[in-house]
Asker: 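I have a structure here, written as structure tokens, and I will follow up with some questions on it.
In what follows, chains are A, B, ... by sequence order, proteins preceding strands, each numbered from 1.
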Amino acid sequence: MSPRKAKAVLEAIIFAAARPVPLKNLAAAVGWDEYRTELLLAEMMRECQHSRRGIELRKIAGGYQYTTKPWTAPYLEAFQRPEVTSGLSQAALETLAIIAYRQPITKVEIEDIRGVRSDSAINTLLERELIEEKGRQDGPGRPILLGTTQRFLECFGLAGLEDLPPLPKIPNK
Amino acid sequence: MSPRKAKAVLEAIIFAAARPVPLKNLAAAVGWDEYRTELLLAEMMRECQHSRRGIELRKIAGGYQYTTKPWTAPYLEAFQRPEVTSGLSQAALETLAIIAYRQPITKVEIEDIRGVRSDSAINTLLERELIEEKGRQDGPGRPILLGTTQRFLECFGLAGLEDLPPLPKIPNK
Amino acid sequence: MSYRVKLDVFDGPLELLLHLLEQDKLDIRDIEISRITQQYLDYLATMQEYDLEVTGDFLVMAARLLQIKVGALLPEAERESEPEEHEIIYSRDELIRRLLVYRQFREAAQKLAELALRRSQVYVRPVSLLGPKGPVVYTNPVGDATVQDLASIYANTLLNWQAREEVRQVKRRTIDLTAKIGEIALLVQKYSQLAFDELLGRQPTKTDIVYTLLAVLELVKQGIVRVQQSDVNEPIIISFEKEQEDYVAPEG
């Protein structure tokens, strides 16, 4: 394998691996001996030192791994707290509406009304602190009861739950 | 921020994030407007095309992501498996195609095109998070509307829905 | 151990029809209804032979094909008054259109499969380097949803719930086609002449109509009954054609 092709293969392998990749494995992948492979890796490490590059190739725990350069840390931190500006999905809104009007209510009751499993919608609402546990229901399994939070009231500009709009009449059949 | 530094920051962020990073967030990170940022990213995409590189920068699901180049796949098989979309049945693929090209669409409309009940295909796709509810259609029963997810784009390596291959033409006779 | 011939499994009737056409290298637009109908019915028979479930969708298509073949049997007026029943009334053009659209998406599915395959050739970084996330802070956790949205969504959800409950209460009735054929043969024989509507119950479902139609068509094919209609708005009259000894009603 040509040095140029070997470089590309090494880059791809080290990039795709979750952990540092031992020299032995890298040499086997390109079919070179370890000494020559190590020289090539050293060249790749030097190339990453260029100021235009944001990542570097490092020898870590007996293997090779790409890491971001330390000076980029402040820019990465902004991504550690992902700002979520997106609204709620239709499924989450539906679930929230049911909880708001029927609280306290169990997951099973919600799923019966919606007709579909609602774990992910409920998790989303819990994560956003729009709903919370309100104790447990008596009875088999003592299922968790869910209800809306203070935050829910704030988000919708409600003084209290009694402030929820009355429901449009549903024709009885 | 200088273009050279911006490039390094963008590389570090996209590299570290693992998932596609939206242009908006990248622009915010370097403090540039989206237009200039996009130009710089295009330059970075070109640079990766060099034969010495084993990874490339791609536009996927409305964001930017590094992936290994396809030709390196045989060298990588011993490492991490890529996200699997394989194992989708013909029925599921057909249903997914209809949803992808006709979204938002109801179950009944899908079944009308396929000429067969499609609950199990739809459930498989929902489970794999390739499709999701996109609200409800006005009209009797207010049926659920289905559409594809962000994950669908990621799994199929599409920049966006406009990136879908053109629908085969119905031949005129 | 019993020996089994491998039979292609088709997800739905359109797929099967397309397969039959492609097998004969025929263009969809040149479809010959009587030929394809025979091939289709033969395939269904083979499916049953091998204990493959022939679902309702396949039977409905059989009814459609026979109906196109025999010519529209149900009166025009009925079509307009009951749009829900429209589905079972099909023309040759409609069948061609559906086959073309279906094929279009079947090809699109193929392209998606190719995309997925190409995608499986590339690898992405398996883990984020960004480290464990701190608690996410949501600046506006509900987006632009208003409390009025919440109320109307809830009302709609209740409506959907109610609708589902009603559907749940309607028990699915199954009809045995062979029994239906026998039943109709006996009825027509008894009264010698009957209108199609009289064969249906008071509130026939789509399934009732399809099965009744299938049964009548089968009896026409066997030469047991004759079907007449003087005008599109007139009732369809089914009259007994054969002597009693020629038809042996199935048992049970």
Asker: Could A:E56 and A:R46 be called an ion pair, given the rule that one side-chain N must be under 4.0 Å from one carboxylate O?
Answerer: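 The answer is no: the pair does not qualify as a salt bridge.
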
Asker: Quick one: what part of B:K5 sits under 4.5 Å from any heavy atom of chain A, side chain, backbone, both or neither?
Answerer: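 Both parts, backbone and side chain.
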
Asker: Can you tell whether the side chains of B:E47 and B:R52 come within less than 4.0 Å, N to carboxylate O?
Answerer: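 No, this pair does not count.
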
Asker: Inspect the surroundings of CG in B:D119 and state if more than 12 heavy atoms from other residues, nucleotides or ligands are less than 6.0 Å away.
Answerer: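 Yes, the 6.0 Å shell around CG holds more than 12 heavy atoms from other groups.
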
Asker: Under 3.5 Å, is there a donor-acceptor pair between the B:E132 and A:S89 side chains?
Answerer: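 No, because no side-chain N or O of B:E132 sits under 3.5 Å from a partner of the opposite role on A:S89.
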
Asker: When you compare the side chains of B:Q90 and B:E94, does any donor N or O come within less than 3.5 Å of an acceptor on the partner?
Answerer: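 Yes, side-chain donor-acceptor contact under 3.5 Å.
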
Asker: Once you measure the plane-to-plane angle for A:F156 and A:F152, does it fall in the parallel (<30°), tilted (30-60°) or perpendicular (>60°) bin?
Answerer: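 Correct class here is tilted.
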
Asker: So which of A:I98, A:T148, A:L145 actually passes side-chain contact (heavy atoms from CB on, under 4.5 Å) with A:Q103?
Answerer: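 Of the listed options, the one satisfying the test is A:T148.
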
Asker: Mind checking which of residues 57-67 of chain B sit less than 4.5 Å from chain A, heavy atom to heavy atom?
Answerer: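 Counting heavy atoms that sit under 4.5 Å from chain A, the residues of residues 57-67 of chain B involved are B:Y66, B:T67.
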
Asker: Which residue out of A:R53, A:M44, A:K69, A:K7 racks up the most heavy-atom pairs below 4.5 Å with chain B?
Answerer: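 The residue among A:R53, A:M44, A:K69, A:K7 with the greatest pair count is A:R53.
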
